[in-house]
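Everything below concerns the one structure shown next.
The basis for the numbers below is simple: all heavy atoms, side chains too, and nothing from hydrogens, waters or symmetry mates.
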Amino acid sequence: MARIDVTASPSGEDLDAILRSLTSYNEHDVGPADRIPLAVLIRNEEGETIGGLSGYTSWGWLFTQLLFIPEQLRGQGMAARLLEQAETEARRRGCHGAWIDTFNPQALKIYQRQGYEIFGELPAFVGERTRIFLKKTL
């Protein structure tokens, strides 16, 4: 008989078991994901990472998971530059589309200026803020 455990601290082995099983299932169902990490980093003069973009490419899509611009670099087009670099690399990897999500109104405007279009929303995701899902053809 199977048992269900709820935990806030799964082990690395627990998470690996889920990932391996899901990956195997998906590969049999729709083919290999060919998931490859992708990061575009902002470094300070000492070479330390102070911001950037982190995501991956898979099944012909770029997914941006994290994008952070340090306060002192905001308003200078840095987010656009990071997205452009990531999209260029994604195209090089054979991707045909990109997607990202946010609940930050300023980030939403930036993504839309970069050609991303809304395809879904979760109203009142955090307080009154709506989580917006966007996509772009590469």
**Q.** Minimum-distance pair of heavy atoms, taken over all atoms of Thr102 and Ala107
**A.** OG1-CB, 3.6 Å

Q | Spacing of CD1 belonging to Ile69 relative to CG belonging to Leu53, to within rounding of 0.5 Å | A | 8.5 Å

Q.
If you compare all heavy atoms of Thr57 against all heavy atoms of Arg93, which two are closest, and at what distance to 0.1 Å?
A. OG1-NH1, 3.0 Å

Q | Over 12 foreign heavy atoms within 6.0 Å of CD, Gln85 | A | no

**Q.** Test item: Ser21 side-chain N/O and Ala17 main-chain N/O as donor-acceptor pair under 3.5 Å
**A.** yes

Q | Spatial distance of atom CG (Leu138) from atom CZ (Arg91) [nearest 0.5 Å] | A | 5.0 Å

Q) Do you know which two heavy atoms are closest between Arg43 and Leu41, and how far apart they sit? A) NH2-CD1, 3.2 Å

(Q) If I compare all heavy atoms of Ala90 with all of Leu38, which pair ends up nearest, and what's the gap? (A) N-CD1, 4.3 Å

(Q) Can you tell whether the side chains of Arg81 and Glu84 come within less than 4.0 Å, N to carboxylate O? (A) no

Q) Quick one: are Pro105 and Arg129 in side-chain contact, heavy atoms under 4.5 Å? A) yes

Q. Are Gln106 and Lys109 side-chain neighbours, meaning at least one heavy-atom pair lies under 4.5 Å?
A. no

(Q) Tell me whether Lys136 at atom NZ has more than 12 heavy atoms from other residues, nucleotides or ligands lying less than 6.0 Å away. (A) yes

Q) Does the side chain of Tyr111 come within less than 4.5 Å of Leu67's, by heavy atoms? A) yes

Q: Would you check if Leu134 and Leu108 make a side-chain contact, meaning some heavy-atom pair closer than 4.5 Å?
A: yes

Q. Same cluster or not: are Ile118 and Ile110 linked, directly or through other Ile, Leu, Val, Met, Phe, Trp or Tyr residues, by side-chain heavy atoms under 4.5 angstrom apart?
A. yes

Q) Got a second to check how far Ser58's OG is from Ile36's CD1, nearest 0.5 Å? A) 9.0 Å

(Q) Could you check whether any side-chain heavy atom of Trp59 comes within less than 4.5 Å of a side-chain heavy atom of Asn26, counting everything from C-beta outward? (A) yes

Q.
Just so I know, are the side chains of Leu73 and Ile50 near enough to count as touching, which here means a heavy-atom distance under 4.5 Å?
A. yes

Q. How many angstroms lie between CZ in Arg113 and CG in Leu83, if you round to the nearest 0.5 Å?
A. 11.0 Å

**Q.** CZ on Arg131 to CG on Asp101, rounded to 0.5 Å
**A.** 4.0 Å

(Q) Are more than 12 heavy atoms, taken from residues, nucleotides or ligands other than Glu128, located less than 6.0 Å from that residue's CD atom? (A) no

Q | Hydrophobic cluster (4.5 angstrom, side-chain heavy atoms) - remaining members for Phe125 | A | Tyr56, Trp61, Phe63, Trp99, Phe103, Phe119, Leu122, Val126, Phe133

**Q.** More than 12 heavy atoms of other groups within 6.0 Å of Glu45 CD
**A.** no

(Q) Can you tell me how far apart CD (Glu27) and CG (Leu22) are? Round to the nearest 0.5 Å. (A) 10.0 Å

